[in-house]
Every structure is written in structure tokens, then in C-alpha cells.
2 protein chains.
Amino acid sequence: MGEKRKPSGFLLKQRAFLKLYLITMTEKKRLYGLKILDELREEFRPFGYRPNHSELYKALHDLIKEGILRQVKRKKEGTEFQEVVYYQFVDYEKAKKYKRQLKAELDRSKAIIEKALKDNY
Amino acid sequence: MGEKRKPSGFLLKQRAFLKLYLITMTEKKRLYGLKILDELREEFRPFGYRPNHSELYKALHDLIKEGILRQVKRKKEGTEFQEVVYYQFVDYEKAKKYKRQLKAELDRSKAIIEKALKDNY
DNA sequence: TTATGAACACCATGTTCATTT
DNA sequence: AAATGAACATGGTGTTCATAA
């Protein structure tokens, strides 16, 4: 029946990581899906991390389902016809709460990695 | 055909993490599967990470397939009959090489997490 | 009951396809 | 071609079952 699998509690998942960035980027500037993807790929290139477009859209859709973001379809800056999907907050309190949770997850993940570096080298 | 999927390069995987610990623990003392599991669970309890037994065995079997470790069936210390499986190195150079690779992976993962903490908080 | 292992099922994520502009 | 989205496929990992001592 409604049996749920409990995670082992290893490092945080990519999906959650992307959702965190999406919230922060929405706080800072107006961006749409593929533009966000470009920016993240650029930022993380030096780290060998290259997210794919599907994963990013899934993260976006998660945030919408959770009532944190909503879509706003608008003409892309500078163009005449191309419509793109921007995002804005529906419930900023929820967004902040999510960020707080993720802070804990990041700290925890960092601690696990640091312990491994200490224990094995 | 032999199409392989390329990873996005996010954080390191649990399996690799466990393999690293298995190598280091084999360097230090004679242990068998479930004992290793107990120890790891104890060590990572404060971090909310609790690996399961199957994943640990899979990591062990990986190392065997890769020619790094081999099994040695022995009577469990202090008991008369219970046979358990200990491990020893087949190719210690390979083991060291793997550790070197994982060091890079851990550093990379740590850097990604630290960047996220810096970017989002 | 402890120990090892494999089978199985589910979840996370990468690849491909469809549609629109 | 750029953008969004969904369908599909595969890989990672948690749960369950089998077997032995």
C-alpha cells in the first residue's frame, strides 16, 4: 500500500540542489528555463557539473506543484514573438522555509564529505 | 549497442564512497561485511547517514570484480563454527589508484557544496 | 540469530521525442 | 534554431527473500 522507502541519508539529491538555486535565482533576477540552465552550466563548468535541461524543468515543476513558484508567460526581452516562461513567487515564506531546510542538508552533506577526507587521507 | 550514459557530474555516488571506506578499512584492520556495516553506521549516525547491508555488499563485490580485493573465508574470532568473509588486497597499487581518484571526487563534491552555500546564503 | 548474497522494486536522473515559436 | 515539456530508458539504491552456520 502506501509504503514509502526511507532514504539512507547520504548526500543531498541533484533535484533538491537545483530547486535551491531556482529559488535564489528567482529572488535575484527574471530568468526563464533554458537561460537558467545556461547560467548554471557556466557557473559549474569548472566543477565538472553539467545539469541537463530535463532535470532543470522537473525541479521547476516541483516548485510549482509545491506552491512556491508560478509561471508567467512573457515575450522574451528584445524579441517580438518568442514567448518564454518566467517565474515568480506564490508563497515566499514557503520558499524561505525550503531554503532553510536545504541549508541543513548542505551542511550535513559537507560534513560527511569532510569526514571522508579526514578518515581516508 | 554499447551506448553509455554520461553522468551529469553532480556529487559522488554512495557506492564509490563506500568503496573508498572499504579500502581504507582493509588497510587498517581485518573486518568482515556486517562488522564493517556496524562500524560505518556508528560513525555516521551523527550525520544522519545509515547505509544498508545490500549496498555495502555490492561495494565489496565491485572491488572484487575490479581485482582490488579478494575474499578470505575464516572462522570468526572467538567462535568455533561461524565462518565469515574477510578481505585482503589482491592489487594494492590499484587500490591506491582508486583512492587517488576518489580524493579528486571528494574535493570536487566539497567544492560544489561550498559554492552552493556561498551562492544561496 | 548473524552473515552473506541475490532478486526484486522503486526512485533519481539521463536521453529522446513532440510541439511551438 | 531556441524553448518547453513529456515519454521513455537506465542506473542507483533500498527492501525483501533465500540460504547457511
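Residue numbers begin at 1 in each chain, while the letters A, B, ... track the order of the sequences.
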Next item on the list: Only counting residues at least two apart or in another chain, list the ones meeting side-chain hydrogen bond (donor to acceptor under 3.5 Å, both in side chains) with B:Tyr57.
Entry: none
Next item on the list: Could you encode protein contacts along nucleotides 16-21 of chain C as a string, one character per nucleotide from 5' to 3', using B for base contact, S for sugar-phosphate-only contact and - for no contact, with a heavy-atom cut-off of under 4.0 Å?
Entry: B----S
Next item on the list: Rounded off to whole Å, could you give me the NZ-to-C1' distance for the B:Lys13 and C:dG14 pair?
Entry: 11 Å
Margin query: One thing to verify: whether B:Lys110 and A:Glu114 come together as a salt bridge, which I'm taking to mean a side-chain N less than 4.0 angstrom from a carboxylate O.
Written below: yes
Check: Listed by chain and number, what are the side chain to side chain contact (heavy atoms under 4.5 Å, CB included) partners of B:Val90, not counting sequence neighbours?
Finding: B:Arg70
Notebook entry, point to check: Which residues in residues 97-107 of chain B have at least one heavy atom lying under 4.0 Å from any atom of DNA chain D?
Noted result: none
Margin query: Minimum heavy-atom separation for A:Tyr121 and B:Leu20, please, with both atom names.
Written below: OH-CD1, 3.4 Å
Notebook entry, point to check: Would you say the side-chain atoms of A:Arg41 pair up with the backbone N or O of A:Ile36, donor to acceptor, closer than 3.5 Å?
Noted result: no
Next item on the list: Rounded to the nearest angstrom, tell me the gap between atom CG in B:Leu12 and atom P in C:dT13.
Entry: 14 Å
Next item on the list: Could you tell me the separation between the CG atom of A:Asn52 and the P atom of D:dG11, rounded to a whole number of Å?
Entry: 15 Å
Checklist line | Distance, rounded to the nearest Å, where A:Lys35 contributes NZ and D:dA1 contributes C1' | finding: 14 Å
Next item on the list: Go through the structure and list residues passing side-chain hydrogen bond (donor to acceptor under 3.5 Å, both in side chains) with B:Asp91, not counting sequence neighbours.
Entry: none
Margin query: Nearest to the side chain of A:Ser8, heavy atoms from C-beta on, is which of C:dT2, D:dG14, C:dA6?
Written below: D:dG14
Item checked: Note: B:Glu66-B:Lys19 ion pair, threshold 4.0 Å (strictly below) -> yes
Checklist line | Donor-acceptor pair under 3.5 Å, B:Lys58 side chain vs D:dG14 base | finding: yes
Check: Rounding to a whole Å, what distance do you find between B:Leu60:CG and C:dA6:C1'?
Finding: 15 Å
Checklist line | Separation of D:dT13 P from B:Lys19 NZ (nearest whole Å) | finding: 11 Å
Item checked: A:His61 NE2 - D:dA3 P separation (whole Å) -> 15 Å
Check: For C:dA3, does either OP1 or OP2 sit under 4.0 Å from a side-chain N or O belonging to B:Tyr32?
Finding: yes
Margin query: Can you see if the side chain of A:Gln14 gets near the phosphate of D:dG11 - specifically, an N or O under 4.0 Å from OP1 or OP2?
Written below: no
Item checked: Among D:dA2, C:dG5, D:dG5, the nucleotide that comes nearest once only the side chain of A:Tyr57 is considered -> D:dG5
Donor-acceptor pairs under 3.5 Å, side chain of residues 43-56 of chain B to any protein atom, not counting sequence neighbours: which ones?
| from | atom 1 | to | atom 2 | distance (Å) |
| --- | --- | --- | --- | --- |
| B:Glu43 | OE1 | A:Lys115 | NZ | 2.4 |
| B:Arg45 | NH2 | B:Glu42 | OE1 | 2.6 |
| B:Tyr49 | OH | B:Gln14 | OE1 | 2.8 |
| B:Asn52 | OD1 | B:Ser54 | N | 3.3 |
| B:Asn52 | OD1 | B:Glu55 | N | 2.9 |
| B:Glu55 | OE2 | B:Arg15 | NE | 2.7 |

Margin query: Assess whether a salt bridge exists between B:Glu39 and B:Lys29, defined as any Lys/Arg side-chain N lying under 4.0 Å from an Asp/Glu carboxylate O.
Written below: yes
Check: Just how far, in rounded Å, is C1' of D:dA2 from NZ of A:Lys73?
Finding: 16 Å
Next item on the list: Answer with yes or no whether A:Arg5 presents, from its side chain, a donor or acceptor under 3.5 Å of a partner atom in the base of D:dT13.
Entry: yes
Notebook entry, point to check: Quick one: which of C:dG14, C:dG5, C:dT13 gets closest to the side chain of B:Gln71?
Noted result: C:dG5
Note to self: Both A:Lys6 and A:Tyr87 contact DNA chain D. Taking the nearest nucleotide for each, which residue is further toward the 5' end?
What the structure shows: A:Tyr87
Checklist line | Pairing of B:Asp62 and B:Lys58 as salt bridge, 4.0 angstrom limit | finding: no
